[in-house]
Novice: 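Next up is a structure, given as C-alpha cells.
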Amino acid sequence: MGQGTFAKRKASPGSVRRAFQPWNDPQARPLVEFRNVTKRFGPVTAVDGLSLSLYPREFFALLGPSGCGKTTLMRMLAGFERPDSGAILLDGVDITAVPPHLRPVNMMFQSYALFPHLSVADNIGYGLRREGLARPEIARRVAEMLALVKLEGLGARRPDQLSGGQRQRVALARSLAKRPKLLLLDEPMAALDRKLREATQFELMDLQSTLGTAFMVVTHDQDEAMTMADRMAVMDHGRLVQIGPPDVIYEAPVSRYVAEFVGDINVLEGRVSAVEGDLVRVESAVAGPLELDEDAPGFALGDTLLVGLRPEKIALSHDEPAQGLNKVRGEIWDIGYLGDVTMIQVMVGGEGGTLLKVALANRTRRIERPFAWDDAVWLSWDVEAGLALAP
Ligand code: ATP
C-alpha cells in the first residue's frame, strides 16, 4: 500500500459540528424563515401552514414520501413559486415577492441542466457572465471553483466528455460560483452509483464547511440525509412532522409515521399496566409483559400504546434469556443475507401472529450461520431499546 492510503481524513464535518446547534440558541439569527406558508395547486394543498427556520452554515435535509411537498417548498425558497399565504424571509427581509435571479439563493436540479454545447468552464461561469462581471474576475472565480470541486485541467471539456460524477461536480461548481448564501439541492446524487455517492457525500460536506454556504437538500435516500445533515425534517402532506438532528429523528421519532419512514421498525401493540418514574410496563398480546424506559412518560394505566423496536436492537438466541421481561419466543421464517448484516424475520405468537425483523451484524467471515430457517428462537432486548409510539 502506498503511503497515505490510510491518511486520516481531516476531522469530518460531523465531528467538528457536534457543537453546531444554532437552533437551540435563542440569540442565533435564522438565515431563512418560513412563516406560516401555504401553497395550493387547485384542490391540492402542497405546503400547509408551514413554519421553519434555517441557520447560516446549516446543512438541512428534507425527507418525505413522494408528493408531500418537498420540491414545492424548495421552489418557493428559490422564487419559482409564490406562496398563497404566509411569508418567506431571508436575513430578516421579506423576499416573498423577490424574483428568483435577485435572491442570494441558487438551486441545483436533479438533471444538473448543464449546457451541452458549452465547455465546463463556460458552464461554471454562465451566471457570472449574466451578472456582467469583468472577464478576468470570471476567469478567476471559474478557476477557483474548478479547484474547489477538484476538476482542475478539465475546464475546456464539454459535459458529454465527463463521467457522471464529474458532471455532478460541474453542476455544483456552477451553482456555487455566484456565492449564494443558500444552495438548494434537489436529489443531488440521484444519478451517481453507490460508491460514488458515498465519496461525493463527504466531498459535499467538506465543500459546505469550507464555503460556509447553507445547504438545503431534498433526498429520497435516508442514509444520505443521515450522513450529511445537521438537521433533517420529515414532511407529511405539506406539513413538517418532525425536525431534528438525524440521531434524534432515528432514536426518538415522534410518531409511528416518522419511525416507519426513517429506517426499519417493528411495532408491537399493548396496554400500559404500570408507570414507575421513567419505566413503563406494557402488556402485549404478542410478546407478554414488556418494559421500556421513557423520559417523562405521559401515559395512564390502561392506555393503548405501540412499542417500536428497531431490528438492530433485538438479540437472537436459541436458549431462553435469563432476563424476565422483554423477551419472546418465535420461529425463523426468513433469512436475508445482506453482507454486512443478516436480516432475519421471526414469527412470534404462532402462525398468523406477528413477523418481527431482527438485524444481526455479521461479525465473522464464517459462512455457516448460527441460525437457520424454522429454528425455534428467542428474541430479547434491553429496557432502553423499546420506543413508545402514539397509535
Ligand atoms: P417527489 O418526492 O415525488 O418529488 P415532492 O414531495 O417534491 O414529491 P411536490 O412536487 O412538492 O412533492 O408536490 C406536492 C403536491 O403538489 C403533489 O400532490 C403534486 O402533485 C402537487 N403539485 C406540485 N406542483 C404542481 C403544479 N405545478 N401543478 C399542480 N399540482 C402540483
Side-chain angles (χ1 to χ4, degrees), residues 32-54 58-90 95-101 103 105-113 164 168 171-172 175 182-194 197 200-201 204 214-229 231-244 246 249-250 253-264:
V32 173
E33 282 175 85
F34 282 87
R35 289 194 184 158
N36 205 13
V37 170
T38 295
K39 174 71 190 173
R40 294 188 196 89
F41 295 105
V44 176
T45 304
V47 170
D48 190 5
L50 184 145
S51 296
L52 166 69
S53 295
L54 302 184
E58 184 171 7
F59 204 127
F60 191 86
L62 207 49
L63 273 89
S66 185
C68 72
K70 306 180 292 293
T71 307
T72 305
L73 190 67
M74 289 242 276
R75 289 175 57 83
M76 285 194 287
L77 198 42
F80 301 131
E81 301 286 357
R82 224 174 138 163
D84 291 306
S85 59
I88 302 175
L89 282 74
L90 198 107
I95 56 160
T96 318
V98 175
H101 65 281
R103 299 185 179 198
V105 175
N106 213 337
M107 186 154 174
M108 187 181 117
F109 294 95
Q110 203 182 107
S111 58
Y112 308 155
Q168 195 258 8
L172 201 56
S175 315
L182 173 68
L183 181 60
L184 307 174
L185 301 133
D186 188 4
E187 294 280 347
M189 323 267 192
L192 308 183
D193 67 42
R194 189 170 156 201
R197 254 167 188 252
T200 311
Q201 282 166 15
L204 202 56
F215 280 18
M216 187 185 206
V217 180
V218 163
T219 176
H220 283 104
D221 183 333
Q222 293 169 17
D223 293 347
E224 191 169 291
M226 293 244 179
T227 310
M228 299 193 296
R231 281 190 304 165
M232 8 196 271
V234 181
M235 267 186 101
D236 181 22
H237 289 94
R239 294 165 184 259
L240 296 180
V241 284
Q242 190 170 5
I243 309 178
I249 302 268
Y250 187 82
V254 293
S255 64
R256 181 174 191 166
Y257 174 86
V258 175
E260 289 183 335
F261 190 77
V262 180
D264 250 337

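Indexing begins at 1, ligand by ligand and atom by atom, following the structure's order.
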Novice: Among all protein non-hydrogen atoms, which one is nearest to atom 16 (O) of ligand 1, and what is the separation to 0.1 Å?
Specialist: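 Looking only at protein heavy atoms, the one closest to atom 16 (O) of ligand 1 is Ala46 CB, 3.4 Å.
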
Novice: Find all atoms of ligand 1 within a distance of less than 4.0 Å from any non-hydrogen atom belonging to Thr71, and give their numbers and elements.
Specialist: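 Listed by number with element: 4 (O), 5 (P), 7 (O), 10 (O), 11 (O).
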
Novice: I'd like to know if the side chain of Lys70 reaches the main chain of Leu63, judged simply by a donor and an acceptor atom lying under 3.5 Å from each other, with no hydrogens or angles considered.
Specialist: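 No, because the side chain of Lys70 does not come within donor-acceptor range (under 3.5 Å) of the backbone of Leu63.
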
Novice: Please tell me if the side chains of Met107 and Phe80 come closer than 4.5 Å, counting only heavy atoms from C-beta onward.
Specialist: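 A side-chain contact under 4.5 Å exists here.
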
Novice: What are the two closest heavy atoms between Met216 and Leu62, and how far apart are they?
Specialist: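 Looking at all heavy atoms of both residues, the shortest contact is CE-CD2, 4.0 Å.
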
Novice: At what distance, to the nearest 0.5 angstrom, does CD of Glu58 lie from CG of Leu182?
Specialist: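 So the gap between those two atoms works out to 10.0 Å.
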
Novice: I'd like to know whether Gln242 forms a side-chain contact (heavy atoms from CB on, under 4.5 Å) with Phe261, so could you lay out the CA-CA distance, the side-chain angles of the two residues, the decisive distance to 0.1 Å, and finally the verdict.
Specialist: CA-CA 11 Å; Gln242 190 170 5; Phe261 190 77; over 6 Å; no

Novice: Counting only heavy atoms closer than 4.0 Å, does ligand 1 sit against the backbone of Arg75, its side chain, both, or neither?
Specialist: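 Neither part.
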
Novice: For atom 18 (O) of ligand 1, what's the nearest protein heavy atom and its distance?
Specialist: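 Nearest neighbour among protein heavy atoms for atom 18 (O) of ligand 1, to 0.1 Å: Val44 CG1, 3.6 Å.
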
Novice: Contact between ligand 1 and Gly64 is defined here as a heavy atom of the residue under 4.0 Å from a ligand atom; is it met?
Specialist: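 Contact absent.
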
Novice: Return the residue, atom name and 0.1 Å-rounded distance of the protein heavy atom closest to atom 14 (C) of ligand 1.
Specialist: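 Heavy-atom neighbour on the protein nearest atom 14 (C) of ligand 1: Gly67 O, 3.4 Å.
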
Novice: Please tell me if the side chains of Phe41 and Thr72 come closer than 4.5 Å, counting only heavy atoms from C-beta onward.
Specialist: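 Phe41 reaches Thr72 side chain to side chain.
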
Novice: Measuring to protein heavy atoms, does anything land under 4.0 Å from atom 29 (C) of ligand 1?
Specialist: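 Given the 4.0 Å cut-off, atom 29 (C) of ligand 1 counts as touching protein heavy atoms.
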
Novice: Please indicate whether Arg239 has more than 12 foreign heavy atoms, meaning atoms of other residues, nucleotides or ligands, lying under 6.0 Å from its CZ.
Specialist: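 Not more than 12 within 6.0 Å, no.
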
Novice: Looking only at protein heavy atoms, which one is nearest to atom 13 (O) of ligand 1, and what is the separation?
Specialist: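 Among all protein heavy atoms, the one nearest atom 13 (O) of ligand 1 is Thr72 OG1, 3.8 Å.
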
Novice: Taking only heavy atoms of His220, which atoms of ligand 1 are found under 4.0 Å from at least one of them?
Specialist: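 Checking each atom against His220, I get 2 (O).
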
Novice: For atom 21 (C) of ligand 1, which protein heavy atom lies nearest, and how many Å away is it?
Specialist: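 It is Phe41 CD1, 3.9 Å.
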
Novice: So which protein heavy atom does atom 2 (O) of ligand 1 come closest to, and at what separation?
Specialist: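 Answer for atom 2 (O) of ligand 1: Lys70 NZ, 2.8 Å.
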
Novice: Would you say Glu81 touches ligand 1, if touching means a heavy atom closer than 4.0 Å?
Specialist: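 Distance cut 4.0 Å: Glu81 fails for ligand 1.
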
Novice: Find out whether Arg35 and Leu89 are in side-chain contact, i.e. whether some heavy atom of one side chain is under 4.5 Å from a heavy atom of the other.
Specialist: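 In contact.
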
Novice: Between Val37 and Leu73, is there a side-chain heavy-atom distance shorter than 4.5 Å?
Specialist: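 A side-chain contact under 4.5 Å is absent here.
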
Novice: For atom 3 (O) of ligand 1, which protein heavy atom lies nearest, and how many Å away is it?
Specialist: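 Here the nearest protein heavy atom works out to Ser66 OG, 2.5 Å.
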
